[in-house]
2 protein chains.
Amino acid sequence: MISKKAKYAIHALVKLAREREQGPILISEISQDGNIPKKFLEAILLDLKRAGILNSKKGKGGGYYLIKKPEDVNMAEVLRLFDGALALLPCVTHKYYERCEECVDEQTCGIRQVIQLVRDETVRILKNATLATILAMENKGIDLTR
Amino acid sequence: MISKKAKYAIHALVKLAREREQGPILISEISQDGNIPKKFLEAILLDLKRAGILNSKKGKGGGYYLIKKPEDVNMAEVLRLFDGALALLPCVTHKYYERCEECVDEQTCGIRQVIQLVRDETVRILKNATLATILAMENKGIDLTR
DNA sequence: ATAAAGTCTATCTGATTAATAGGGTAGTGG
DNA sequence: CCACTACCCTATTAATCAGATAGACTTTAT
């Protein structure tokens with residue numbers, strides 16, 4: 001399961017992408033719109049700013065806005081930012097790699113190979129899922145799951 | 001990330017499948033073999049017994065043994081048993097379904113659709129990964145990740 | 001009977017998640 | 001230049017869960 005933090009982040013990003021023509025958007029507006037605790041959201045948006053996805057403007061008429069192009073913000077990046085590795089085991093990640101003590105030979109470990117397959121597919125799908133494709137799906141009412 | 005409990009469970013199952021011709025295997029042997037805390041492992045094996053995957057025999061010569069065929073025990077089942085839903089969001093699960101408050105229209109929610117895709121692929125791979133296929137991979141030294 | 005082995009109940013610690021509070025600081029319009 | 005707005009920062013908290021441990025109990029083979 002992804003954390004609420006990541007989920008809130010995605011909702012905020014989708015909103016910011018959808019309304020990116022309208023200038024900076026207030027934290028309080030995003031908060032109300034998405035049922036997200038305001039203070040909690042502040043921290044999330046800050047993280048996204050530090051990650052170079054958003055920027056902010058203070059004072060009257062301020063707020064947050066997207067600086068990356070919607071097609072350049074993918075879900076793999078966002079989930080990694082808030083929840084760390086996407087893989088189900090530390091031994092199949094790059095950045096968060098950790099060896100399993102019980103593993104005699106990592107190269108032939110059957111469990112590891114299965115988890116690796118899952119990870120590869122997950123990353124592939126999440127990298128294809130950008131704010132642009134998400135918006136497109138919502139606009140066109142396409143339902144991929146049917 | 002999957003819990004240690006699930007990981008321990010898989011390791012124990014693989015061992016029990018590998019050595020299933022040799023009669024019941026002691027908790028303590030599985031424990032030592034896999035660097036798994038014995039008391040912790042006890043609870044895990046009990047869960048697997050209650051789930052109808054293992055059976056046990058008390059007293060001398062006792063221990064745990066597989067009652068399902070290795071090809072009938074898949075990783076989706078095991079992970080669900082210990083970690084609950086495989087999906088990344090509660091709104092795309094069946095058994096653990098929970099609606100997102102912020103979701104206006106679930107049918108067209110772009111985020112949900114992406115997560116649904118990930119879930120479907122994950123389930124597909126994990127259902128194909130049985131104890132039998134894992135053993136086969138280890139025996140033949142096949143490395144799917146290369 | 002007795003030793004071997006699984007079963008049950010209870011508890012504990014530490015980490016993490018989610019959230020809240022309250023103030024500090026800095027841009028911006030008038 | 002000043003007041004307003006809204007971002008920024010620190011600390012704390014409650015709840016939950018993961019992981020692990022302890023000890024007594026029950027069943028079974030010999």
Side-chain angles (χ1 to χ4, degrees), chain A residues 1-12 16 23-32 34-51 53-65 67 79 81-85 88-90 96 98 100-102, chain B residues 1-12 16 22-32 34-51 53-67 79 81-85 88-90 96 98 100-102:
Chain A
M1 290 283 170
I2 70 178
S3 66
K4 291 216 174 183
K5 217 167 175 176
K7 197 174 131 194
Y8 290 157
I10 296 173
H11 275 287
L16 285 166
I25 299 179
L26 301 183
I27 293 184
S28 52
E29 194 199 321
I30 302 172
S31 159
Q32 284 170 24
N35 273 309
I36 306 171
K38 183 159 174 270
K39 283 291 186 179
F40 200 32
L41 180 60
E42 280 185 16
I44 294 167
L45 294 173
L46 256 185
D47 284 341
L48 290 169
K49 180 180 175 181
R50 291 201 192 97
I53 298 173
L54 301 181
N55 204 356
S56 61
K57 207 178 151 189
K58 292 183 182 177
K60 196 163 195 173
Y64 274 96
Y65 54 95
I67 44 175
L79 288 187
L81 188 60
F82 291 99
D83 293 350
L88 294 173
L89 286 178
Y96 306 88
E98 220 170 283
C100 302
E101 324 82 41
E102 69 273 13
Chain B
M1 290 281 170
I2 70 178
S3 65
K4 290 214 174 185
K5 219 166 173 173
K7 197 173 133 195
Y8 290 158
I10 296 174
H11 275 287
L16 285 165
Q22 302 165 30
I25 298 178
L26 300 182
I27 294 181
S28 54
E29 194 199 321
I30 302 172
S31 158
Q32 284 170 23
N35 273 308
I36 306 171
K38 184 159 174 269
K39 283 292 185 181
F40 199 34
L41 180 60
E42 281 183 14
I44 293 167
L45 294 174
L46 258 184
D47 284 341
L48 290 168
K49 180 183 174 180
R50 291 199 192 98
I53 298 173
L54 301 180
N55 204 356
S56 62
K57 211 180 149 187
K58 292 182 181 179
K60 196 165 193 174
Y64 274 94
Y65 54 95
L66 208 61
I67 46 175
L79 289 187
L81 188 59
F82 291 100
D83 293 351
L88 294 174
L89 286 177
Y96 305 88
E98 219 170 284
C100 302
E101 323 83 41
E102 68 272 13

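Letters A, B, ... mirror the listed sequences (proteins, then strands); counts begin at 1.
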So which pairs with a foot in residues 38-48 of chain B pass side chain to side chain donor-acceptor pair (under 3.5 Å), sequence neighbours left out? B:D47-B:R50

Partners passing side chain to side chain donor-acceptor pair (under 3.5 Å) against B:S3 (at least two apart in sequence or in another chain): B:D83

Please name the pair of heavy atoms, one in B:S31 and one in B:P37, separated by the smallest distance, quoted to 0.1 Å. OG-C, 4.3 Å

B:K49: side chain to side chain donor-acceptor pair (under 3.5 Å) partners, not counting sequence neighbours: B:S56

Can you tell me how far P of C:dG14 sits from NZ of B:K4, to the nearest Å? 16 Å

Can you list the residues that meet the side chain to side chain contact (heavy atoms under 4.5 Å, CB included) rule with B:L81, with sequence neighbours excluded? B:L48, B:A51

Partners passing side chain to side chain contact (heavy atoms under 4.5 Å, CB included) against B:Q32 (at least two apart in sequence or in another chain): none

Quick one: what's the B/S/- string for nucleotides 2-13 of chain C, heavy-atom cutoff under 4.0 Å, read 5' to 3'? --BSSBB-----

Sequence neighbours excluded, the answer for side chain to side chain contact (heavy atoms under 4.5 Å, CB included) partners of B:I36 is B:Y8, B:L41

B:F40 versus B:K5, closest heavy-atom pair with distance: CZ-CG, 4.1 Å

Would you grab the first and last nucleotide of DNA chain D (5' to 3') that comes under 4.0 Å of any non-hydrogen atom in chain B? D:dG19 to D:dA29

